Protein chains: 2
Amino acid sequence: MGSSQARRMPVMADVAREAGVSHQTVSRVLNEHPNVRSETRTRVLEAIDKLGYRRNLVARALVTKHSRTLGVVSFDTTLYGPASTVYGIEQAARAAGYFVSIVSLKSIDRTGVRDALDYLADQGVDGIVVVAPQRSAAQTLADLAPGVPIVAVEGGEAGDVSVVCVDQVEGGRLATEHLLSLGHETVWHVRGPSDWLEAEGRVAGWRAALAQAGRAAPEPLAGDWSPRSGYEAGRSLASMAGVSAVFVANDQMALGVLRAFSEQGVKVPDQVSVVGFDDIPESEFFSPPLTTIRQDFDAVGRNSIEVLLRQIEGEEPPACERLVVPPSFVARASTARA
Amino acid sequence: MGSSQARRMPVMADVAREAGVSHQTVSRVLNEHPNVRSETRTRVLEAIDKLGYRRNLVARALVTKHSRTLGVVSFDTTLYGPASTVYGIEQAARAAGYFVSIVSLKSIDRTGVRDALDYLADQGVDGIVVVAPQRSAAQTLADLAPGVPIVAVEGGEAGDVSVVCVDQVEGGRLATEHLLSLGHETVWHVRGPSDWLEAEGRVAGWRAALAQAGRAAPEPLAGDWSPRSGYEAGRSLASMAGVSAVFVANDQMALGVLRAFSEQGVKVPDQVSVVGFDDIPESEFFSPPLTTIRQDFDAVGRNSIEVLLRQIEGEEPPACERLVVPPSFVARASTARA
DNA sequence: GGACCCATTGTTAACGTTCACAGTCTTCCC
DNA sequence: GGGAAGACTGTGAACGTTAACAATGGGTCC
């Protein structure tokens, strides 16, 4: 304990005594019940102020069965994307009067997600947002139905949970079509890890755009989102003939690609055009400034809370919505005509 | 509500009935009280398993007055530093069996911090970590003593709250001494915003190193941590004569500086050496790879939880510790002999 | 064999709210 | 002036857990 508070915190009964009313009337004032005489209300309010009373939310939660706390499960909140999404979630949740309890997972094995959900459910959260970009996580989610409403962010077409996501396919298409429109014969791709839905979506968009233009799709190079993996892919690409346009699945890897090209004397955008994905704050100052696809993480966070609250507070049964946020194209200096 | 749960969750009394014991015995089993016959324990455990019972932590918190939840107040968790610190905090807290409730502030006016603390205190958190890198936040903290234990991260020498921080002065000194050791006449500095304690510390270290070497300190250039502000500082520096070494207060701004130099045809490290601060994952792949000062954010997070828990669980009165994590020097390719 | 200790279990009362219901006092209408 | 509707307030009982204390039983020690 170690608390050195002199006298104990006042409770509702203390306020009631001070104001000369019953504890229930104090409760009514606090909950803005309409049927309280305004004179009584001010008396209670004064008493509250005088005693420095603060309502005990734990006791309240016990009886109402609502903690006004939302849980967030996320994977590696150190990355820009997840961090921004969680930030958006937290802002929106607090604006709606909810607390946010966070669990950041190191790895995303099945048990990890399951444990995190149990953990949060134990705590009595009213709902959970799972930032589950990996297929494995998304599937786990579909299987287990905890007692509380759930929303998945970037969760694929998972069973009967609501999903909020950015249209990754459209993003991949935008990037690829931009490069093709500049006259490049075809577009190479450095993709993200295979169990990430976002990576899959971008690959799909890239393939679709190439197919639509009647171009052959080269074998994509594998990456793991890290600058280093991009660097390695970049070295491979630099050693290959006929590479004039590359769509890299995120900005961090794109940085690695740029670095590798620079080392190998490959000029961007003169010899090779590069497009990234995410639009992290640094991208604008890469050498050269990176043309990329912007994801509105803030909107994703906000929307996920909206969907979740609709599920928590709405009277209808869980509707299982699917909300897609469009990506946008950001032109900078890393692409040029073939 | 909208919950479609068929029958209500079992409570302790249900388990007790099922196992043929009193609810108190169930409680004892759950809390690993020693004086329970092992045969009784297994019977209770079986009943728990059979009914799928989960203990209600809200009710528990009401009577124990401990929620096993810690609050975190942070500013802009989108930035790498805060994000990593919060990540470390969350990991350490969960390992110790605590939940983490987060409040991310947009701005750090006095009221913002005050409200956040009140908000968390209302929720009944057992302790709070404030990632308060700005002087204003740190001061606010010193003023108000909420009922709960508090630890400040990067909080300066604020009054009677415990502080965990990285030795910024030492970091600034390391960077500057490295540049001086390469034979540079003096070292220029692009600093962070003036109300940030970290910015001040780095400036102080830089000045100290210059003074110790008997060199004059040029007027530092002002930045706001963003790549753009670094870019603008870089343009100024490029237009000035006699600039051969620059210590930039964070890696993001350093990126902007590198970009500006590149645009102006200033070669790094041939003409100018650059040192950053933070060691973000991207730094290794800048052009050129950035020599920088690494902060162990993870250690900061872990330590802050350790200090906080010692304050919460220890029996002694709040000791008001001050824990300093040393920075480390990371050599890469952005610096060279004068 | 009686006193005493300890392990084990049960009983009752908090914790601080909100909910359900029952009052009391106006006011208004016929 | 009687009754009913409505505004306002109070009383008692939950919510599901842990704390404090009491009770039981077996063993040990002289």
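Here the structure is a predicted model, which is why all the values come from computation and not from measurement. In what follows, chains are A, B, ... by sequence order, proteins preceding strands, each numbered from 1.
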Could you check whether any side-chain N or O of A:Asp115 sits under 3.5 Å from a backbone N or O of A:Gly112, counting only pairs where one atom can act as donor and the other as acceptor? no

How does each nucleotide of nucleotides 12-21 of chain D score, in 5' to 3' order, for protein heavy atoms under 4.0 Å: base (B), sugar-phosphate only (S), or none (-)? B--BBBBBB-

Pair A:Thr77-A:Ser104, side chain to side chain donor-acceptor pair (under 3.5 Å): steps then yes or no: CA-CA 6 Å; A:Thr77 42; A:Ser104 295; 3.1 Å; yes

Under 4.0 Å between a side-chain N/O of A:Thr25 and OP1 or OP2 of D:dC8, yes or no? no

Any residue meeting side chain to side chain contact (heavy atoms under 4.5 Å, CB included) with B:Tyr80, in chain and number order, not counting sequence neighbours: A:Thr78, B:Ser84, B:Ile280, B:Pro281, B:Phe297

Going by salt bridge (charged side-chain N to carboxylate O under 4.0 Å, His left out), name the residues that satisfy it together with B:Arg135, two or more places apart in sequence or in a different chain. none

Test side chain to side chain donor-acceptor pair (under 3.5 Å) on B:Gln123 and B:Thr69; report intermediate values, then the result. CA-CA 9 Å; B:Gln123 197 198 10; B:Thr69 299; 5.9 Å; no

Go through the structure and list residues passing side chain to side chain contact (heavy atoms under 4.5 Å, CB included) with B:Glu18, not counting sequence neighbours. B:Ala47, B:Lys50, B:Leu51

With a non-hydrogen cut-off below 4.0 angstrom, is B:Val21 in contact with a base, only sugar-phosphate, or nothing? sugar-phosphate

Check this for me: does any side-chain nitrogen of one of A:Glu306 and A:Arg302 sit under 4.0 Å from a carboxylate oxygen of the other? no

Under the salt bridge (charged side-chain N to carboxylate O under 4.0 Å, His left out) rule, collect the residues that match up with A:Asp122, sequence neighbours excluded. B:Arg54

Go through residues 32-41 of chain B and report each residue with a non-hydrogen atom lying under 4.0 Å from DNA chain D, sorted by number. none

Identify, with sequence neighbours excluded, every residue that meets side chain to side chain donor-acceptor pair (under 3.5 Å) alongside A:Asp126. A:Ser67

Between the protein and nucleotides 22-25 of chain C, list the N/O to N/O atom pairs that are separated by less than 3.5 angstrom.
none

Between A:Val325 and A:Asn303, is any pair of side-chain heavy atoms under 4.5 Å apart? yes

Axis bend over the full length of the helix from C:dG1-D:dC30 to C:dC30-D:dG1, computed from five pairs that close each end, to 10 degrees: 40°

Residues which pass side chain to side chain contact (heavy atoms under 4.5 Å, CB included) with B:Asn56, listed by chain and number, not counting sequence neighbours: A:Leu62, B:Val58, B:Ala59

For A:Glu321, what residues pass the side chain to side chain contact (heavy atoms under 4.5 Å, CB included) criterion, not counting sequence neighbours? A:Ser162, A:Val307, A:Arg310, A:Ala319

Taking only residues two or more places apart in sequence or in another chain, which ones pass salt bridge (charged side-chain N to carboxylate O under 4.0 Å, His left out) with B:Arg60? none

